[in-house]
Novice: 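The structure's right below; bear with me while I get my questions together.
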Amino acid sequence: MKKALICGISGQDGAYLAQLLLNKGYTVCGTSRDAQISSFNNLVRLGIRNEVKLESMALTDFRSVLQVLTKIQPDEIYNLAGQSSVGLSFEQPVETLESIATGTLNLLEAIRFLKARIKFYNASSSECFGDTGGIAADETTPFRPRSPYAVAKAAAFWEVANYREAYGLFACSGILFNHESPLRPERFVTQKIVTAACRIAQGSAEKLYLGNMCIQRDWGWAPEYVEAMYLMLQQEQPNDYVIATGESASLKDFVAAVFASVSLDWHDHVVSDASLLRPTDLEIGKGNPAKAKNQLGWEAKYKMKDVVQMMVKARLSD
Ligand code: NAP
């Protein structure tokens, strides 16, 4: 029976990955910064709270990382922890850099120090690419990060590549484009839109305030993105992969689809708010997942409109 350690198990991806690995017969352990006080709502929601072993771990503290790895002795580590909001990273750049870049480095160093044959997955991000001018980014596209979050993710990506090359670690980065689900917190714009539209449909007179609606993103379905993470660690050789649906849509299209699904016209309920614009933003996020399809056999089944339907349905049944 394989043992997996999921760092950041309380998050959206952590919960879905834990569910996937449990279904595959893994023993699943997960970390939170403070497992004693975390409510692990996402694990509760998926009905797996009592099926996973939980540990406290501070990624920025090497001793803490080493202690957990020594205790758990995992076969696979999935690093999904760290400050994960692009918007918040402009307010907390140091916390963002440390939790992502130092955190990843501590995990790599601990694996190297223990001389353990642990396979390592790192959650990289399409934000690393920056603006590609509408060209679909693949694994050869240069990074031009445009936020503290993206800078941190780019640093962590190169740490992983360096430890793979220099020390022969089985270490992979998944360069994932946006993926959504009912477990997304409202801090993220997709869930903010879904939640507001559902409240309005149920009688609320509120307005929904949004920043730049012209941005384009590739939105996928989180439960199938965690399958790609798992597949990367089952390959003969470690490698990096872009994970995306291959289709981009504007935020305006996303908003229109959400409001239409609750029989409303978004024009009546959405207000543009300049205070929500970011200091720098990406106009178009576009991904080319051909390598994942060819080498992992992974392909997104759900596109933006499916994601909207599933998020709205889940919100209305809450
Ligand atoms: P998430 O729901 O925010 O979960 C991330 C977890 O990291 C949290 O549950 C939290 O666990 C921990 N965390 C949060 N802030 C932290 C900090 N400052 N220091 C240390 N740990 C912190 O994120 P997700 O959507 O599941 O994404 C998983 C990973 O994939 C993240 O690294 C994210 O950046 C990356 N990613 C996500 C997407 C996406 O579209 N979802 C796309 C590309 C990459 P505790 O509070 O329990 O400690």
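Every value quoted in this text rests on a predicted model; they were computed, and no experiment measured them. FYI, the numbering just counts along the sequence from 1.
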Novice: Start with the C-alpha distance between Gln309 and Ser261, add both sets of side-chain angles, then the distance that settles side chain to side chain contact (heavy atoms under 4.5 Å, CB included), and finish with yes or no.
Specialist: CA-CA 7 Å; Gln309 293 304 326; Ser261 74; 3.7 Å; yes
Novice: Quick check for you: to the nearest 0.5 Å, what is the distance between Asn106 atom CG and Asp61 atom CG?
Specialist: 7.5 Å
Novice: Between Asp75 and Arg117, does any side-chain N to carboxylate O distance fall below 4.0 Å?
Specialist: no
Novice: Can you check side chain to side chain contact (heavy atoms under 4.5 Å, CB included) on Leu114 and Thr70, steps first, answer last?
Specialist: CA-CA 8 Å; Leu114 293 170; Thr70 307; 4.0 Å; yes
Novice: Between Asp253 and Lys303, does at least one N-O distance fall below 4.0 Å, as a salt bridge requires?
Specialist: no
Novice: Under 4.0 Å between a Lys/Arg side-chain N and an Asp/Glu carboxylate O for Lys293 and Glu299?
Specialist: yes
Novice: Would you indicate whether the side-chain heavy atoms of Phe170 and Leu233 approach each other to under 4.5 Å?
Specialist: yes
Novice: Does some side-chain heavy atom of Asp13 sit less than 4.5 Å from a side-chain heavy atom of His179?
Specialist: yes
Novice: Determine whether the side chains of Glu98 and Gln92 contain a donor N or O and an acceptor N or O closer than 3.5 Å.
Specialist: no
Novice: Is it true that Glu247 and Thr245 share a donor-acceptor pair across their side chains at a distance under 3.5 Å?
Specialist: no
Novice: Could you tell me how the ring of Tyr78 sits relative to the ring of Tyr121: parallel (under 30°), tilted (30 to 60°) or perpendicular (over 60°)?
Specialist: tilted
Novice: In terms of side-chain geometry, is the basic nitrogen of Arg45 or Asp318 positioned less than 4.0 Å from the acidic oxygen of its partner?
Specialist: yes
Novice: Specify the closest pair of heavy atoms between Leu107 and Met57, including all atoms of both residues, with the distance to one decimal.
Specialist: CD2-CE, 4.2 Å
Novice: To the nearest 0.5 Å, tell me how far Lys53 NZ sits from Ile9 CD1.
Specialist: 12.0 Å
Novice: Which distance, rounded to the nearest 0.5 Å, do you find between the SG of Cys172 and the CG of Asn79?
Specialist: 13.0 Å
Novice: Below 4.5 Å, heavy atoms only, C-beta onward: do Arg112 and Tyr163 meet side chain to side chain?
Specialist: yes
Novice: Quick one: which of Tyr16, Trp298, Phe177 gives a ring-ring contact (aromatic ring centres under 6.0 Å, His included) with Tyr225?
Specialist: Trp298
Novice: Using a 4.5 Å cut-off on heavy atoms from C-beta on, say whether the side chain of Ser147 contacts that of Ser89.
Specialist: yes
Novice: To the nearest 0.5 angstrom, please state how far the CZ atom of Arg146 sits from the CD atom of Glu283.
Specialist: 8.5 Å
Novice: Kindly work out whether a path of hydrophobic side-chain contacts (I/L/V/M/F/W/Y, heavy atoms less than 4.5 Å apart) joins Val52 to Leu80.
Specialist: yes
Novice: Determine whether more than 12 heavy atoms belonging to other residues, nucleotides or ligands lie under 6.0 Å from atom NZ of Lys2.
Specialist: yes
Novice: Taking the side chain as C-beta and beyond, is there a heavy-atom pair between Lys291 and Asp138 under 4.5 Å?
Specialist: no
Novice: Do Asn122 and Ser124 pair up side chain to side chain, a donor and an acceptor below 3.5 Å, judged on atom types alone?
Specialist: no
Novice: Any idea how His269 and Phe259 line up, ring-wise: parallel (<30°), tilted (30 to 60°), or perpendicular (>60°)?
Specialist: parallel
Novice: Any side-chain heavy-atom pair from Ile72 and Cys29 closer than 4.5 angstrom?
Specialist: yes
Novice: How many angstroms lie between atom OG of Ser173 and atom CE of Met229, to the nearest 0.5 angstrom?
Specialist: 11.5 Å
Novice: Could you tell me whether Lys153 and Glu127 make a salt bridge, using a distance below 4.0 angstrom between a side-chain N and a carboxylate O?
Specialist: no
Novice: If we only count heavy atoms from C-beta on, is the Val194 to Glu180 side-chain gap below 4.5 Å?
Specialist: no
Novice: Calculate, to the nearest 0.5 Å, the distance between atoms CG and CD belonging to Leu20 and Glu224 respectively.
Specialist: 11.5 Å
Novice: Side-chain contact test, heavy atoms from C-beta onward, threshold under 4.5 Å: evaluate it for Ile6 versus Thr31 and give yes or no.
Specialist: no
